[in-house]
Amino acid sequence: MDLSVNQRLGYACINNTLAETKDIIINRGMIKKTFNEKGIDYASELALLNVKDLIRVIEWNENIGIHFYRMSSSMFPWSSHYDLKDLKDYDEIVNCLITVKEIADRSYQRLTFHPGPYNILASDKKYVVRNAIKDLNQHSEIFDIMGYEPSHWNKINIHIGATYGDKPSAIDRFCENFLLLDESTKKRLVVENDDKPTMFSVKDLYEVYERIGTPITFDVHHHKYCHSGLTHKEAALMAASTWKDAPPCFHFSSTINHEQPDKIARAHADYIYEEINDYGTGAWIMVEAKSKEESILYYINEGVMPSEYDEPLYDILVS
DNA sequence: CCAGGTCAAGGGAGT
DNA sequence: ACTCCCTTGACCTGG
């Protein structure tokens, strides 16, 4: 199936339309105190409600014609404290997840994950790495349950996440600890460029790719703040070249300065203020705008959101 | 029912 | 030392 760029736009986790009109949400959770009081059975009940609503979200995507969606990492609250198989509603949850894949397949939707910033495979602390491995494997397990063959079609996207002031050593640890992941997780993991100059650019990540084969998600917005001298096009082409078994993924967002000039430029805007360019790579574009699916629909139907600021303030930071 | 305070996790950065 | 930021704002309590 050949999709245009606009058909390859996706949104992350929350569907504002469904959340506001029908209370359909896929990230019910609880604080630690409640988990201690109510335990795994309550976690199971929330997870079941979440995956049931996930079906509704995927159906909505199908009806609207959106083909790209990031599932929430909060579908299974406190999952690092139990095995998914131990949930009392496991069988029903499995059936829901299988249904999700059926709908996704028939409408050609690509589903992905972006686990939280606590997944630091490059950490020098054993327990941190151990926790990350469990969390990442559980994300992969969900794709396995759904019935997906392991590939980067269902990317599990993380950052390297730490340098400790020594990038080469951090890359070494990342590559070593990568080998400890489940086989299916290894086949789905991808790395994303950071938004701080001291962290990992696309160029830095290319070394990781050369060593362990993890494709690079090119975050267009982050690149403005951590570019290693590459232009956007150069970085996009370099990142896209690392995807062998599935089309590349990019992340796209506009600076919040289009809406609030006094805020930190790195922050994301509600809507899309620039033309989205895949540089001919065929990349699927995850739009990280706070207005979620609404921002995509506006872009598709109306085009770029007009801004009263011709020159976004981030240009000052890049120079 | 609502506003406001609080909330697992790792690390970086600004104060 | 403290606070905020990031995956993703939502949970919980006191009024």
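Each chain gets a letter, A, B and so on, in the order the sequences are listed, and its residues count up from 1.
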In this structure, how many angstroms lie between the P atom of C:dA10 and the CE atom of A:Met75, rounded? 16 Å
A:His268 NE2 - C:dC6 P separation (whole Å): 7 Å
Check the side chains of A:His258 and A:Glu274 for a donor-acceptor pair under 3.5 angstrom, ignoring hydrogens and angles. yes
In whole Å, what separates the P atom of B:dA8 from that of C:dT13? 12 Å
Counting the atoms with a prime plus P, OP1 and OP2 as sugar-phosphate, which does A:Ala132 contact under 4.0 Å by heavy atoms, base, sugar-phosphate, or nothing? nothing
Interatomic distance, A:Phe113 CZ vs C:dT7 P [rounded to whole Å]: 17 Å
Between C:dC5 atom P and A:Met199 atom CE, what is the distance in whole Å? 17 Å
Are A:Tyr118 and B:dA8 stacked, counting the six-membered base ring, centres under 5.5 Å, planes under 30°? no
Report yes if the distance between the aromatic ring centroids of A:Trp284 and A:Trp243 is under 6.0 Å, otherwise no. no
Closest to the A:Thr198 side chain: C:dG9, B:dG12, B:dG10? B:dG12
Which distance, rounded to the nearest 0.5 Å, do you find between the CD1 of A:Ile216 and the CG of A:Leu205? 5.0 Å
Mind checking the P distance from C:dT7 to B:dG4? Whole angstroms is fine. 27 Å
Listed nucleotide nearest any side-chain atom of A:Ala267, set C:dC6, B:dG12, B:dA8: C:dC6
Between A:His159 (NE2) and C:dT7 (C1'), how many Å, whole number? 8 Å
Rounded interatomic separation in angstrom, taking CD from A:Glu288 and C1' from C:dG9: 15 Å
What's A:Tyr127 touching, base or sugar-phosphate or nothing? Going by heavy atoms closer than 4.0 Å. sugar-phosphate
What are the two closest heavy atoms between A:Ile256 and A:Lys290, and how far apart are they? CD1-NZ, 3.6 Å
Considering every strand and a 4.0 Å limit on heavy-atom distances, what is the contact class for A:Lys290: base, sugar-phosphate, or nothing? nothing
Any cation-pi pair here, A:Lys101 with A:Tyr148, using under 6.0 Å and within 45°? yes
Could you state the atom-to-atom distance from CD1 of A:Ile142 to P of C:dT7 in whole Å? 19 Å
Ring centres of A:Phe68 and A:Tyr11 under 6.0 Å apart? no
Pairing stems for DNA chain C [at least three consecutive pairs; Watson-Crick or G-U; under 3.5 angstrom]: B:1-7 with C:9-15, B:10-15 with C:1-6
Pick the P atom in B:dT6 and in C:dC2, then give their distance to the nearest Å. 15 Å
Could you give the CG-to-C1' distance, from A:Leu46 to C:dA10, as a whole number of Å? 12 Å
Going by atom types only, do A:Asp89 and A:Ser44 share a side-chain donor-acceptor pair under 3.5 Å? yes
Which residues in residues 16-37 of chain A have a heavy atom closer than 4.0 Å to any atom of DNA chain B? A:Ile31, A:Lys32
With a 3.5 Å cut-off and no angle check, do the side chains of A:Tyr271 and A:Glu259 form a donor-acceptor pair? no
Check the phosphate of C:dT7 against A:Ser74, side-chain N and O only, distance under 4.0 Å to OP1 or OP2. Yes or no? no
Minimum heavy-atom separation for A:Phe200 to A:Ala162, with atom names? CE1-O, 3.4 Å
What does A:Ser80 touch in the nucleic acid at a heavy-atom separation under 4.0 angstrom: a base, only the sugar-phosphate, or nothing? base
Between A:Arg28 and A:Asn50: side-chain donor-acceptor atoms closer than 3.5 Å: yes
